[in-house]
2 protein chains.
Amino acid sequence: MKAPKISDAVIRRLPVYLRYLTYLDSLGVKTVSSQELGEKLGMNPAQIRKDLAHFGEFGCKGVGYDVPYLIEKIRQILKLDRPIPLCLVGAGHLGHALCHYTMYRQDNLRIVAVFDNDPAKIGREIGVLRIQPIEELPDTVKAKGIRIGIIAVPADAAQRVADLLVEAGIEAILNFAPVNLRVKEGVRVHHADVTLELHSLAYYLP
Amino acid sequence: MKAPKISDAVIRRLPVYLRYLTYLDSLGVKTVSSQELGEKLGMNPAQIRKDLAHFGEFGCKGVGYDVPYLIEKIRQILKLDRPIPLCLVGAGHLGHALCHYTMYRQDNLRIVAVFDNDPAKIGREIGVLRIQPIEELPDTVKAKGIRIGIIAVPADAAQRVADLLVEAGIEAILNFAPVNLRVKEGVRVHHADVTLELHSLAYYLP
DNA sequence: TAGATTGTTAATCGATTAACAATC
DNA sequence: TAGATTGTTAATCGATTAACAATC
């Protein structure tokens, strides 16, 4: 649709805007300028305008941005305007936390299946979901149209799980295990790497 | 010590190098070139050399880098060569996961205290740690010399906890709550933001 | 209309990559 | 020594910021 590739830096700022806009909306604020947005988020207003202008003309000169309209537009850009089924692999503490977390959110990303290979966990429930044996993953992914997989298993199992997810036809992976996953071209992997965050944080200690 | 500021992008790559070097070391590999490193990590070798050269001359021309020596040096740079006590606020599923995670790691970052405000949780144990009431935070932080605080509480409590941590003298915060924290100058905050990762991942879906 | 704010072009800044002399 | 690889300088690339005409 859009010829020029949008940089990842831009894409990662959109959810930040979205979150703050949603907050403004909850306060009943109808309009916001890039100036105000920039002040609150500690960002350059020109950057915000430029980021948004990549995708269309969402603002109104002399006025600013209509909050609900901009929320709608950003959600469209991020493809959050349609339901996206996720699955979770690994029903440990982290898995539970993630399940509860996405369960109570108001967006269209929803965990619809949970897998584990521990017989003690299989069959137990997290919220409305029953923990399924990992062997059921391929069929369930197809049956439920699951598009994103979340890996919340120990490091030594992560690559196997990734292979299984990719084989099942998953399109993107969010990986919590502290390992570099290798996946085929076209499958996007994001890392939620606590180790990396803590290590880089340590550097900045006085 | 070093006059020119090192960019955050560089700092965030160091733990990536460190992880892979540690893996190589576990295999008994003694020496590695920026070329090999770059191939395995999907990075430009020149970038790796330049990153490292910011901090000193760690390599050997014609040979490459001594793996154990480089590990030692990166650990020094990141201040991981000395024990850094952490505390965790929020003993939910995420808190449990983080506790177990840092407990079994071989680095010097160690959670040494856990706090919660839920009477049902206070007094219970996570590994060797007893969950303490949040009121004990200031004294415990001082007594144990805690330098980094991890926030794993619901969004609406996060800012209060951040204020409490800063007040207690914490120097850095890792925040898992999906809110923008406001802290005074000099306190570094990193975000481990699952929402942001999932939202940006959704964009890249085909 | 006058004031405000966008969208966009141009200028600046910084980061990545390439190239190569130094040297192990 | 010859081959390999670093550390570093120079070239390239891309992202951020500033400036401003367009216009609500």
Side-chain angles (χ1 to χ4, degrees), chain A residues 1-17 20-21 24 29-74 76-77 200 203, chain B residues 1-17 20-21 24 29-74 76-77 200 203:
Chain A
M1 204 181 298
K2 296 106 194 166
K5 266 273 168 47
I6 310 289
S7 92
D8 193 52
V10 175
I11 299 305
R12 289 179 167 273
R13 285 193 290 267
L14 295 182
V16 177
Y17 304 151
Y20 191 71
L21 289 165
L24 286 179
V29 176
K30 293 279 171 267
T31 300
V32 69
S33 69
S34 60
Q35 177 72 36
E36 292 167 61
L37 225 38
E39 271 169 28
K40 297 299 185 177
L41 297 174
M43 292 169 149
N44 185 305
Q47 182 174 65
I48 296 174
R49 291 201 301 278
K50 200 159 209 280
D51 283 353
L52 296 173
H54 281 115
F55 304 96
E57 305 199 358
F58 304 140
C60 184
K61 296 182 188 196
V63 179
Y65 297 91
D66 182 85
V67 172
Y69 179 71
L70 189 53
I71 288 174
E72 187 193 330
K73 283 299 170 185
I74 295 180
Q76 280 172 14
I77 294 163
S200 56
Y203 172 82
Chain B
M1 204 182 300
K2 297 105 196 164
K5 268 274 170 48
I6 309 289
S7 92
D8 193 50
V10 174
I11 299 304
R12 288 180 168 274
R13 286 193 291 266
L14 295 181
V16 177
Y17 304 151
Y20 191 71
L21 289 164
L24 288 179
V29 176
K30 294 279 172 267
T31 300
V32 69
S33 69
S34 60
Q35 178 72 38
E36 291 167 60
L37 227 37
E39 272 169 28
K40 297 298 185 177
L41 297 175
M43 293 169 149
N44 184 304
Q47 182 174 65
I48 297 174
R49 293 202 298 280
K50 199 158 209 280
D51 283 354
L52 297 173
H54 280 116
F55 304 97
E57 305 198 359
F58 304 140
C60 183
K61 295 182 186 194
V63 179
Y65 297 91
D66 182 85
V67 172
Y69 179 71
L70 189 54
I71 289 175
E72 187 193 330
K73 283 299 169 185
I74 295 180
Q76 281 173 13
I77 294 163
S200 56
Y203 172 82

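Letters A, B, ... mirror the listed sequences (proteins, then strands); counts begin at 1.
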| Would you say the side chain of A:Tyr20 lies within less than 4.5 Å of the side chain of A:Val32, judging by non-hydrogen atoms? | no
| said: Enumerate the salt bridge (charged side-chain N to carboxylate O under 4.0 Å, His left out) contacts for residues 37-55 of chain B, please, sequence neighbours excluded, ordered by first and then second residue. | reply: B:Arg13-B:Asp51
| said: Suppose we screen for salt bridge (charged side-chain N to carboxylate O under 4.0 Å, His left out). Which residues come up paired with A:Asp66, at least two apart in sequence or across chains? | reply: none
With the criterion being N/O to N/O and under 3.5 Å, what pairs connect the protein with nucleotides 14-17 of chain C, and how long is each?
residue	atom	partner	partner atom	Å
C:dT16	OP1	B:Arg13	NH1	3.0
C:dT16	OP2	B:Arg13	NH2	3.1
C:dT16	O5'	B:Gln47	NE2	3.0
C:dT17	O5'	B:Asn44	ND2	3.4

| field | Pairwise side-chain contact, B:Lys30 with B:Val67, heavy-atom cut-off 4.5 Å (strictly under) | value | no
| field | Heavy-atom pair with the smallest gap, counting every atom of B:Thr31 and B:Val29 | value | O-CG1, 3.4 Å
| query | Would a 4.5 Å heavy-atom cut-off, applied to side chains only, mark A:Tyr203 and B:Ile6 as touching? | reply | yes
| said: When you measure from the side-chain N and O atoms of B:Ser34 to the phosphate of D:dT5, is any distance below 4.0 Å, counting only OP1 and OP2? | reply: no
| note | To the nearest angstrom, the NZ-C1' distance between A:Lys5 and D:dC13 comes to 16 Å
| said: Can you list everything that forms a ring pair (Phe, Tyr, Trp, His ring centres under 6.0 Å) with A:Tyr17? Sequence neighbours excluded, please. | reply: none
| said: Once pairs are restricted to Watson-Crick or G-U wobble with both distances under 3.5 Å, how does DNA chain D read as a dot-bracket string, [ ] for crossings and | for other-strand pairs? | reply: ..||||||||||||||||||||||
| task | Tell me which residues in residues 64-73 of chain A put a heavy atom below 4.0 Å from DNA chain D, sorted by number, or none. | result | none
For nucleotides 20-24 of chain C, tabulate all protein N/O to nucleotide N/O atom pairs closer than 3.5 Å, reporting atom names and distance.
residue	atom	partner	partner atom	Å
C:dC24	O4'	B:Lys61	O	3.3
C:dC24	O2	B:Lys61	O	3.3

| request: State which residue, out of A:Val16, A:Leu14, A:Asp8, fulfils the side chain to side chain contact (heavy atoms under 4.5 Å, CB included) condition with A:Arg12. | output: A:Asp8
| remark: For A:Pro15 and B:Ser200 the tightest heavy-atom approach is CG-N, 4.3 Å
| request: To the nearest Å, give me how far apart CZ (A:Phe55) and P (C:dT8) are. | output: 14 Å
| Sub-4.5 Å side-chain heavy-atom contact between A:His54 and A:Val10 | yes
| task | Under the side-chain hydrogen bond (donor to acceptor under 3.5 Å, both in side chains) rule, collect the residues that match up with B:Glu36, sequence neighbours excluded. | result | B:Ser33
Side-chain donor-acceptor pairs under 3.5 Å in residues 56-64 of chain A, sequence neighbours left out?
none

| field | Set of residues satisfying side-chain hydrogen bond (donor to acceptor under 3.5 Å, both in side chains) with respect to A:Asn44, sequence neighbours excluded | value | none
